[in-house]
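Since this is a predicted model, take the numbers as computed values, not measurements. Just so we're on the same page: letters track the sequence lines, and every chain starts at 1.
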Number of protein chains: 2
Amino acid sequence: MRWEEIDTQVCSIARGLAIFGDKWTLLIVRDAFRRVRRFSDFQKSLGISKHRLSDRLNRLVEVGILNKVLYDEKRARYEYRLTQKGIELYPVLMTVVQWGDKWVCDGDGSPVVFEHKLCGHEVQPKYVCDQCEKDITARDIVPKIGPGIERKLLRGEAVSRDSIDVKSITN
Amino acid sequence: MRWEEIDTQVCSIARGLAIFGDKWTLLIVRDAFRRVRRFSDFQKSLGISKHRLSDRLNRLVEVGILNKVLYDEKRARYEYRLTQKGIELYPVLMTVVQWGDKWVCDGDGSPVVFEHKLCGHEVQPKYVCDQCEKDITARDIVPKIGPGIERKLLRGEAVSRDSIDVKSITN
DNA sequence: TTGACAGGTTCCAAATTGGAACCCTATAAT
DNA sequence: ATTATAGGGTTCCAATTTGGAACCTGTCAA
């Protein structure tokens, strides 16, 4: 299978990664969260080639993660800003940060820490059950077929067996 | 800059993505959570070429996300299983699932839903402040220089200006 | 008038990929 | 005893993707 076909899987991970699972895209989104907005600033920050950057930015605009906002009419200059769809990638980025802080730090500790404006404390975001408020861990979660698969099956559509075979997530 | 150099940035996102930010790696990890364990099963599930798969599995073992476990001594057959380091990628994957469910579903709803063993309910995991328990959103978080950068600066090490320039994360 | 700046595009060499073919070992089937 | 099959690879090549350098264009500033 080639990469362009992975989003044919009935799987939100595959579909998500089809959008931002390549080498540079999430780093561009990271920079957008840091308020990097202009072509040349992305380039400086990432050291990516212009060609690639141009590609990636256009793609992100296409899929609705970034907006192109005119900031200089005469010279047709645009800024790239996160849309709501982009802003909601925040937990993805933050969970990567937390994993990285724990597993690929170099002994000096977290490069960046975070303050929660609402309570003023330094925050270690946590991932909890919305029903019982306990921490979510892989071992306590049982995946089940959801409507996205069920409805397709009811309509007789082919759904790869692989999507269906949802086993308990654990090693 | 070429991709192999991105983990020189003092940034947990860059360092994380240096490990699992390429096209197939996170999908392999996804499958590992689904209890896919053998070479040929990964291959069937992903449709990736053997060459690539071999590469990626070895890489994941190298960086300590998967363990190679002998299951047939005579024929030297191994299973690939998540280590603790791998299991802790769960929130990364789940936040991708939640984003994908919301933004790249096709009208049929979530392909897969999740039950929380501890309370028996269907769970929508949420990302909250460990101090005040309120939901975390990009707009309420202020990044600050952490020890990982500060200590390097105190030792006089070069830290790219880019890592330091931590602006409020918002558009 | 010259030059710098922002934001591209074009081109090529180098790296990465997918796919097919092949290899090796150990069991299973005939 | 011979053949087949399964698991897990490796080798090779053509196609795709990439990084980097060079070039283009329209505006402003000196």
Side-chain angles (χ1 to χ4, degrees), chain A residues 1-9 14 17-28 31-32 35-63 66-81 162, chain B residues 1-9 14 17-28 31-32 35-63 66-81 162:
Chain A
M1 187 187 299
R2 35 176 32 99
W3 179 254
E4 310 107 50
E5 301 162 34
I6 60 144
D7 60 352
T8 59
Q9 290 180 33
L17 293 179
I19 292 176
F20 55 75
D22 71 285
K23 290 212 169 84
W24 294 104
T25 301
L26 266 191
L27 284 179
I28 292 174
D31 277 359
R35 291 195 180 157
V36 174
R37 288 171 179 171
R38 297 186 182 179
F39 192 92
S40 57
D41 291 331
F42 282 109
Q43 223 211 325
K44 259 175 259 166
S45 159
L46 295 169
I48 187 178
S49 75
K50 289 166 139 201
H51 199 8
R52 219 68 353 249
L53 179 59
S54 187
D55 239 50
R56 294 294 183 263
L57 286 174
N58 288 332
R59 183 88 214 293
L60 283 167
V61 171
E62 241 175 62
V63 301
L66 294 178
N67 252 336
K68 233 173 153 164
V69 180
L70 194 67
Y71 74 88
D72 180 342
E73 240 181 290
K74 308 212 164 163
R75 277 180 285 189
R77 294 282 183 276
Y78 296 88
E79 289 188 329
Y80 298 90
R81 294 183 182 227
D162 191 62
Chain B
M1 187 187 297
R2 37 177 30 99
W3 180 255
E4 310 107 52
E5 302 163 33
I6 61 144
D7 60 352
T8 58
Q9 290 180 34
L17 293 178
I19 292 176
F20 55 75
D22 72 285
K23 291 212 169 82
W24 294 104
T25 301
L26 266 191
L27 285 180
I28 292 173
D31 278 0
R35 291 197 182 157
V36 175
R37 289 171 179 172
R38 298 188 182 178
F39 192 92
S40 58
D41 292 330
F42 282 108
Q43 224 212 322
K44 259 174 259 167
S45 159
L46 295 169
I48 187 178
S49 75
K50 288 167 139 198
H51 197 10
R52 218 71 349 254
L53 178 59
S54 186
D55 238 50
R56 293 293 184 265
L57 286 174
N58 288 332
R59 184 88 214 292
L60 284 167
V61 170
E62 241 175 64
V63 301
L66 294 178
N67 252 336
K68 233 172 155 166
V69 180
L70 195 66
Y71 75 87
D72 180 342
E73 236 180 293
K74 309 216 161 161
R75 276 179 286 192
R77 294 282 183 278
Y78 296 87
E79 289 189 328
Y80 298 89
R81 294 183 181 226
D162 192 61

*Report the residue (A:A76 or A:W3) whose heavy-atom-nearest nucleotide on DNA chain C is the more 5′ of the two.*
A:A76
_Note, A:L17 side chain near B:W24 side chain (heavy atom, < 4.5 Å)_ = no
*For the side chain of B:R52, counting heavy atoms from C-beta on, which of C:dT17, C:dG7, D:dG9 is nearest?*
C:dT17
*Roughly how bent is the helix from C:dT1-D:dA30 to C:dT30-D:dA1 end to end, in steps of 10 degrees, with each end axis from five pairs?*
0°
*When the distance from CG of A:L53 to C1' of C:dA6 is rounded to whole Å, what number comes out?*
12 Å
*Test side chain to side chain contact (heavy atoms under 4.5 Å, CB included) on A:K68 and A:N58 and set out the steps.*
CA-CA 9 Å; A:K68 233 173 153 164; A:N58 288 332; 4.3 Å; yes
*Please determine if a side-chain N or O atom of B:S54 lies less than 4.0 Å away from the OP1 or OP2 oxygen of D:dG8.*
no
*asked:* Without decimals, in angstroms, what is the distance between B:Y71 OH and C:dT27 P?
replied: 12 Å
Please produce a list of atom pairs where a protein N or O lies less than 3.5 Å from an N or O of nucleotides 20-26 of chain D.
unit_1: D:dG20; atom_1: OP2; unit_2: B:M1; atom_2: N; d: 2.9

*What is the distance from CG of B:D22 to P of C:dA15, rounded to the nearest Å?*
18 Å
*Taking the side chain as C-beta and beyond, is there a heavy-atom pair between B:D55 and B:R52 under 4.5 Å?*
yes
_Atom pair distance, as rounded to whole Å: CG in A:D55 and C1' in D:dT18_ = 10 Å
_Go nucleotide by nucleotide along DNA chain D from the 5' end; which of B:R38 and A:W24 gets its closest nucleotide reached first?_
B:R38
_Note, B:F42 side chain near B:I48 side chain (heavy atom, < 4.5 Å)_ = no
*asked:* Is there a side-chain contact between A:Y71 and A:R38 in this structure, where contact means two heavy atoms from C-beta onward sitting under 4.5 Å apart?
replied: yes
_Just so I know, are the side chains of A:F20 and A:V63 near enough to count as touching, which here means a heavy-atom distance under 4.5 Å?_
no
*asked:* Expressed as a whole number of angstroms, how long is the span from B:E4:CD to D:dT17:P?
replied: 19 Å
*Below 4.5 Å, heavy atoms only, C-beta onward: do A:I19 and A:T25 meet side chain to side chain?*
no
*Less than 4.5 Å apart, any side-chain heavy atom of B:D31 and any of B:Y80?*
no
_At 4.0 Å (heavy atoms only), tell me whether B:F42 reaches a base, stays on the sugar-phosphate, or touches nothing._
nothing
*Are A:K50 and A:L53 close enough, and set up right, to give a side chain to side chain contact (heavy atoms under 4.5 Å, CB included), and what steps lead you there?*
CA-CA 5 Å; A:K50 289 166 139 201; A:L53 179 59; 5.6 Å; no
*Taking NZ from A:K68 and P from C:dA6, how many angstroms apart are they, rounded to a whole number?*
16 Å
*Output yes when at least one side-chain N/O atom of A:R56 is less than 4.0 Å from OP1 or OP2 of D:dT18, else no.*
yes
*asked:* With a 4.0 Å limit, can you tell me whether A:Y80 has a side-chain N or O closer than that to the phosphate oxygens OP1/OP2 of C:dG7?
replied: no
*asked:* Counting C-beta onward and ignoring hydrogens, is there a side-chain heavy-atom pair between A:R77 and A:F39 closer than 4.5 Å?
replied: no
*Between D:dG8 atom C1' and B:Y78 atom OH, what is the distance in whole Å?*
12 Å
*Taking atom C1' of C:dG7 as reference, at what distance in whole Å does atom NZ of A:K44 sit?*
12 Å
